[in-house]
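The residues of the chain are indexed from 1 along the displayed sequence. Atoms within each ligand, like the ligands themselves, are counted from 1 in listed order.
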Amino acid sequence: MENNLLVSRLQQLGRHFPAVPKNLEQPAVRVAVTGAAGQIGSFLCNFIAQGRMFGPYQKVILQLIELPAAEKVLKGLVMELKDGAYTCVADIIPTTDPMVGFKDADVAVLVGARPRGPGMERSDLLQANAKIFQAQGAAIDQVAKKTVKVCVVGNPANTNALICSQYAPSIPKQNFTALTRLDQSRAISQIADRTGAQVEDVNNIIIWGNHSATQYPDTFNATVRGQPARQVVNDDKWLDGPFLSKVQKRGAEIISVMGKSSAASAAAAACDHVHDLWFGTVPGKYASMAVISDGNTYGIPEGIMYSFPCEILPGGAWSIVQNVPINEFSRAKMDKTAKELLDERKMALGI
Ligand code: NAD
Ligand code: LMR
């Protein structure tokens, strides 16, 4: 394929990898992954090694952090990563010491946490997982690069990201984000199935708020093949009812079907999230991610990690897309999920 055709196809797909590398000698990116030996972690490490996060030309150093109890499984994962002979991998550092694992990290994907089991609510995880994110924030503060980009996956992801940032005061709060990209991907896939479109033809669905059942997948600004999505779907009742609850409860649906929580799709979404932080978003395409709220945007209270539509410059400077029209229906749903995040913050940090 001609180079310019390839670039435009990659952009249509929302991919910003340079079609031709500018410089093959770029230093390797240091990526710390916690919970590397777990379900998501194993997929994630393999996806990164295959180039899904930083493209096929970028070398990475995988810094894999696990609990001592999972050391043996981690050893097995490293054996497999080596056996894959992945050309993107410059080195692998497996460790049970966060001070080693986060050392000089450019990117940290925090997956390690207890997952929700059948019948559990996400709030049950808050107590269990808060301590992990305090300790990891403190370690990141001490040894990671000050420019480190942190993506929190472990649940409750938004509030864990907030806790982590509180314990890493030397790193800008803007460098901490939480994953709602999986929700965005789920919503895109539902709309694509419903309309017969390809997933890359569905754009700018927004996930507002918490990565939980209160999240609000907003279709009012979305497009399908460039046309307003709601016109193409032509079924407001479905969009405002079954579609919303399908996306909101998809995590629980996967758990009830598989007996364990989503893994490959979560790892893929984490790759896409970090990809966009690294390379920037394609102009005109929003990426939903949970970022710190400044209190002046869309009426969302200050100091919670709330998922907004973001545009990102290469290198990770993000801004929230402004002037998205918000109707009464959306307003109520955006406030409800903000309220849940305020409650979680109160439980976790007492503020
Ligand atoms: P898992 O139990 O398979 O793996 C978790 C791994 O983390 C285990 O290997 C465990 O040893 C490790 N771990 C626990 N505490 C650690 C610590 N302090 N330091 C380093 N490693 C630690 O779980 P999983 O299915 O991979 O899920 C991981 C987390 O991701 C869960 O909290 C889950 O709810 C969450 N999740 C989030 C999303 C999202 O979209 N945000 C999607 C799916 C799952
Ligand atoms: C998901 O969305 O699949 C995860 O957050 C798992 C869960 O507990 O819902």
Ionic contact status for K339 with D335, cut-off 4.0 Å:
no
Under 4.0 Å between a side-chain nitrogen and a carboxylate oxygen: does that hold for R30 and D91?
no
When K145 is tested against each of N175, D104, D106 for side-chain hydrogen bond (donor to acceptor under 3.5 Å, both in side chains), which residue passes?
D106
Considering the heavy atoms of I255, write down every atom of ligand 2 situated less than 4.0 Å from one of them.
7 (C), 8 (O)
Determine whether the side chain, the backbone, both or neither of I254 has a heavy atom under 4.0 Å from any heavy atom of ligand 2.
neither
Which of the atoms in ligand 2, numbered in the order shown and given with their element, are less than 4.0 Å from a heavy-atom of R186?
1 (C), 2 (O), 3 (O)
To the nearest 0.5 Å, what is the distance between CG on N160 and CD1 on I132?
8.0 Å
Nearest to atom 25 (O) of ligand 1 by heavy atom, E71, Q39, Q136: which?
Q39
Can you name the atoms of ligand 1, numbered from 1 with element, that are less than 4.0 Å from a heavy atom of A266?
42 (C), 43 (C)
Just jot down the ligand 2 atoms closer than 4.0 angstrom to any heavy atom of S261, in number order.
6 (C)
Parallel, tilted or perpendicular: ring planes of W278 versus F54, cut at 30 and 60 degrees
perpendicular
Note: heavy atom closest to atom 14 (C) of ligand 1, options L67, N129, I254, belongs to L67
Sub-4.0 Å heavy-atom approach of K260 to ligand 1:
no
Using a 6.0 Å distance limit plus a 45 degree cone around the ring axis, check whether K333 lies over the aromatic ring of F329.
yes
Best match, C151, G35, S42, S265: closest heavy atom to atom 21 (N) of ligand 1
G35
Closer than 4.0 Å to some heavy atom of H211 - which atoms of ligand 2 meet that?
1 (C), 2 (O), 4 (C), 5 (O)
Check each heavy atom of E253 against ligand 2 and say whether those closer than 4.0 Å belong to the side chain, the backbone, both or neither.
neither
Could you grab the distance from atom CG of L239 to atom CG of L244, nearest 0.5 Å is fine?
8.0 Å
Part of N155 with heavy atoms under 4.0 Å of ligand 1, whether side chain, backbone, both or neither:
both
Can a non-hydrogen atom of S261 be found less than 4.0 Å from any atom of ligand 1?
yes
Check each heavy atom of V153 against ligand 1 and say whether those closer than 4.0 Å belong to the side chain, the backbone, both or neither.
both
Considering non-hydrogen atoms of the protein only, which is the closest contact for atom 31 (C) of ligand 1, and what is the distance?
P115 CA, 3.5 Å
Using distance alone, determine whether S262 and ligand 2 share an N or O pair under 3.5 Å.
yes
Check this for me: K173, atom NZ, are more than 12 non-hydrogen atoms of other residues, nucleotides or ligands nearer than 6.0 Å?
yes
Could you go through the side-chain hydrogen bond (donor to acceptor under 3.5 Å, both in side chains) check for D272 and Q184 one step at a time?
CA-CA 11 Å; D272 294 348; Q184 178 180 309; over 6 Å; no
Protein residue, atom and distance nearest to atom 12 (C) of ligand 1, heavy-atom basis
E66 OE1, 3.3 Å
Can you name the atoms of ligand 2, numbered from 1 with element, that are less than 4.0 Å from a heavy atom of G251?
1 (C), 2 (O), 3 (O), 9 (O)
To check your reading of the model: name the closest protein heavy atom to atom 29 (C) of ligand 1, its residue, and the distance in Å.
V111 O, 3.3 Å
Distance under 4.0 Å to a non-hydrogen atom of R114: what atoms of ligand 1 satisfy this?
31 (C), 32 (O)
Atoms in ligand 1 flagged as close to I65, the criterion being non-hydrogen separation under 4.0 Å
20 (C), 21 (N)
Closer than 4.0 angstrom, basic N to acidic O: yes or no for K346 and D343?
no
I'd like to know if the side chain of N210 and the backbone of T337 have a donor-acceptor N/O pair within less than 3.5 Å.
no
Starting at CG of L342, measure out to CD1 of I304 and round the result to the nearest 0.5 Å.
4.5 Å
the protein heavy atom lying closest to atom 18 (N) of ligand 1 turns out to be I132 CG2, 3.4 Å
What distance separates S293 OG from F308 CZ, expressed to the nearest 0.5 Å?
4.5 Å
Location of contacts on A113 toward ligand 1, heavy atoms closer than 4.0 Å:
both
Check: I40 N/O within less than 3.5 Å of ligand 1 N/O:
yes
Check the orientation of F243 and W238. Use parallel for under 30°, tilted for 30 to 60°, and perpendicular for over 60°.
tilted
Proximal ligand 1 atoms for S262, defined as those under 4.0 Å from one of its heavy atoms
42 (C), 43 (C)
For atom 4 (O) of ligand 1, what's the nearest protein heavy-atom neighbour? Residue, atom name and distance, please.
G38 CA, 3.3 Å
Please determine whether a side-chain nitrogen of the Lys or Arg among R250 and E253 lies less than 4.0 Å from a carboxylate oxygen of the Asp or Glu.
yes
Does A70 approach ligand 1 within less than 4.0 angstrom via side chain, backbone, both or neither, non-hydrogen atoms only?
side chain
Hey, could you give me the OG1/CD distance between T223 and Q231, rounded to the nearest 0.5 Å?
11.5 Å
How many angstroms lie between atom OG1 of T219 and atom CD of Q190, to the nearest 0.5 angstrom?
12.5 Å
Please report which non-hydrogen protein atom sits nearest to atom 39 (C) of ligand 1, along with the residue it belongs to and the distance in Å to one decimal place.
H211 NE2, 3.2 Å
Quick note on ligand 1: atoms under 4.0 Å from a heavy atom of L182 include exactly 40 (O), 42 (C)
